[in-house]
Trainee: 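What follows is a structure written as structure tokens; I'll ask about it next.
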Amino acid sequence: MSFWGVMNWVAYGFSALIFAWLVKDFINVERKYDEAVLLGLEDFDEEIESLKQGGG
Amino acid sequence: MTIEPTNEIVTEEKERIHLSKVLGPIHIWALGVGIVLVGEFMGWNFAIAKGGSLGAIIACWAMGLLYVSLVMINTEIGSVVPEAGGQYAMAKYLLGPLAAFNVGLMIVFQYAMLQAADVLVVGAILQTLHPDIQSLPYILLSLAVLTMLNYRGIHATLTVNFIITAIAYVTIFILLFGTQFYSPEASLLRHEELMSGLPYGWLGIIAAFQFGIWFYLGIEGTALGAEECRSTGRSLPLGALTGMVTLIIGATVTWYVASGMVDWVKLGESVYPLYDAALATKIPFVIGALFVGTILSCLASAIGCIADSSRAWFSMARDTLIPRWFGGIHPKYKTPHRAILFLLPISLSFGFTGLLDQVITFSIFSGLLVYVLMGYMMFKFRKMYPMGTIERGYISPWHPFPAIALILLTLLTLVGMYLGYWINLLSGFLFYILASMWFVLHRYKFVDTNSFIKKRWPRPFGY
């Protein structure tokens with residue numbers, strides 16, 4: 001196999017590793033945190049208010 | 001912070017989970033210019049095929065006027081609506097749920113489709129290096145790396161984007177100085193010999209508009225970073241307006257160099273016009289620089305597209321216009337991780353339809369519809385919130401002229417697009433009409449209208 005042929009497989013390998021990490025992290029987060037926490041429901045109004053006063 | 005499944009940690013997170021507020025003006029500049037710069041390296045030159053060399057530069061400046069108007073309007077309204085979602089969030093407050101749903105969808109399609117085109121081009125360019133190089137592994141690698149960057153945090157993502165965008169921009173000037181344009185004796189530029197005038201008259205100029213917008217398409221995406229700015233009122237105007245100036249200079253230099261180095265007929269058909277101009281200099285350093293610049297511009301564009309499309313999708317979910325689930329925020333990285341991952345296969349599927357030109361046309365069409373609505377929103381914004389009734393981070397001068405120019409030039413561009421892609425345009429309209437029907441007949445009953453408009457948002461004038 002040529003150098004570039006090897007590099008093609010290296011690129012596939014790195015892509016697979018990164019996608020695997022993304023999926024793993026996503027599953028970890030979904031398992032360990034409550035849905036309401038991930039959606040940030042409680043603090044959203046305060047968020048907008050502080051932005052409007054400080055940065056707006 | 002490490003992810004711990006203890007109740008204490010979860011409770012603590014519950015009180016402070018939100019998108020990070022870490023962006024400054026350079027990040028906003030990178031978000032806007034990064035998405036657009038690929039248009040200087042490819043795409044704009046089809047304006048020459050439609051309108052000739054002179055028609056292309058007229059289209060370039062006319063579209064510059066369109067985008068200056070758009071950025072001014074965008075920045076004024078965006079500095080008051082500091083929520084992720086950009087034009088979507090503006091439509092939400094100014095036009096209501098149905099328009100907001102459509103604008104959000106248009107933004108998502110505009111950027112998700114552009115992202116697909118960007119990574120496909122990266123693969124295609126690398127494939128030209130050697131016959132053994134395949135495009136697919138590099139397309140996947142580009143998408144994986146850029147998605148991971150976006151997933152892990154907006155600050156690092158846009159810092160990287162700033163660096164690669166700046167390098168790509170500098171390569172345009174390497175080409176300019178490589179032609180020795182400043183020396184009448186040594187200059188490689190041959191404008192009189194290689195350029196054309198207006199071979200297709202004024203109709204050619206209008207037809208050129210749809211490709212002239214490649215010089216600037218996506219700069220309005222700066223507004224999608226509003227919620228993540230340290231100071232929206234400062235970062236958004238500074239980043240967006242300096243970005244617009246950067247692009248107008250870059251566009252003019254691009255046209256000037258390419259038109260002087262490559263015959264107008266060949267230039268009008270070129271896939272990589274700036275790279276072809278570099279090849280014509282026969283200077284290895286310049287050729288290498290433009291090769292790198294072309295790849296970096298594609299990567300920068302894809303980074304920004306992932307950031308913008310995910311913010312729009314996230315915002316729509318947060319307002320329950322689409323299932324709330326997509327509005328999740330990563331507890332550690334403070335990014336809309338569900339939206340980022342959900343849009344990845346969607347974008348990839350656009351790329352592998354084999355209809356890249358149709359995908360790009362739909363992307364541009366979606367953007368143009370948003371521009372028309374932005375012009376209308378500016379009139380409504382000034383009427384609902386007259387000067388002095390709400391604190392503005394930036395005030396757009398000469399109102400209503402920018403809004404009028406924006407609407408007229410966008411409609412002219414749609415007319416030009418209709419001349420070549422009328423089926424795409426009609427199909428696009430049909431798609432958004434069907435989407436609207438789905439929203440009204442099915443989705444609207446799930447929309448939480450109490451949380452849609454925040455209670456603390458100031459009431460309009462005369463309410």
Side-chain angles (χ1 to χ4, degrees), chain A, chain B residues 3-5 10-11 13-19 21 79-83 129-134 136-138 140-145 147-148 151 226-227 229-235 317-318 324-325 327-332 337-338 340-341 344 390-393 451 454-458:
Chain A
M1 191 182 283
S2 70
F3 170 77
W4 290 112
V6 173
M7 291 307 290
N8 289 337
W9 284 108
V10 170
Y12 275 126
F14 270 115
S15 308
L17 275 177
I18 293 169
F19 285 129
W21 180 86
L22 284 169
V23 172
K24 178 176 168 282
D25 186 76
F26 178 79
I27 292 171
N28 274 345
V29 168
E30 296 296 318
R31 276 185 183 165
K32 292 179 180 176
Y33 285 86
D34 186 72
E35 184 67 6
V37 173
L38 293 175
L39 294 179
L41 290 170
E42 286 75 11
D43 70 336
F44 182 62
D45 282 353
E46 292 165 23
E47 169 81 3
I48 293 299
E49 180 63 10
S50 68
L51 268 168
K52 272 162 51 184
Q53 287 171 357
Chain B
I3 298 168
E4 296 292 342
V10 169
T11 305
E13 286 294 333
K14 199 169 184 171
E15 291 170 359
R16 58 186 170 90
I17 189 166
H18 51 69
L19 296 177
K21 286 182 279 293
S79 69
V80 177
V81 184
E83 280 187 47
L129 276 178
H130 194 275
D132 286 347
I133 296 180
Q134 298 170 12
L136 183 61
Y138 299 99
L140 292 175
L141 186 62
S142 306
L143 266 180
V145 171
T147 303
M148 188 176 74
Y151 186 94
E227 191 175 322
C229 287
R230 285 190 296 267
S231 166
T232 311
R234 176 175 173 269
S235 300
R318 192 167 56 181
R324 187 72 177 82
W325 184 84
I329 299 173
H330 196 292
K332 182 177 177 185
H337 67 303
R338 288 173 176 170
I340 290 171
L341 289 188
L344 172 67
I390 192 168
E391 189 186 342
R392 289 163 157 86
S451 67
K454 306 301 164 222
K455 287 172 191 166
R456 297 183 190 91
W457 183 254

Trainee: For A:Trp9, which atoms come within 4.5 Å of any heavy atom of chain B: side chain, backbone, both, or neither?
Mentor: neither
Trainee: Side chains of B:His337 and A:Asp25: any donor to acceptor distance under 3.5 Å?
Mentor: no
Trainee: If you tally heavy-atom pairs under 4.5 Å against chain B, which of A:Val10, A:Leu38, A:Leu17, A:Val23 wins?
Mentor: A:Leu38
Trainee: Can you tell me how far the CD1 atom of B:Ile329 sits from the CG atom of B:Leu19, to the nearest 0.5 Å?
Mentor: 4.5 Å
Trainee: Between A:Val37 and A:Lys32, does a side-chain contact (heavy atoms from CB on, under 4.5 Å) hold up when you go through it step by step?
Mentor: CA-CA 10 Å; A:Val37 173; A:Lys32 292 179 180 176; over 6 Å; no
Trainee: Is it the side chain or the backbone of B:Leu341 that comes within 4.5 Å of chain A heavy atoms, both, or neither?
Mentor: side chain
Trainee: So, taking the atom named CZ in A:Phe19 and the one named CG in B:Leu141, what distance separates them when rounded to the nearest 0.5 Å?
Mentor: 8.5 Å
Trainee: Side chain, backbone, both or neither: which part of B:Leu344 has an atom under 4.5 Å from a heavy atom of chain A?
Mentor: side chain
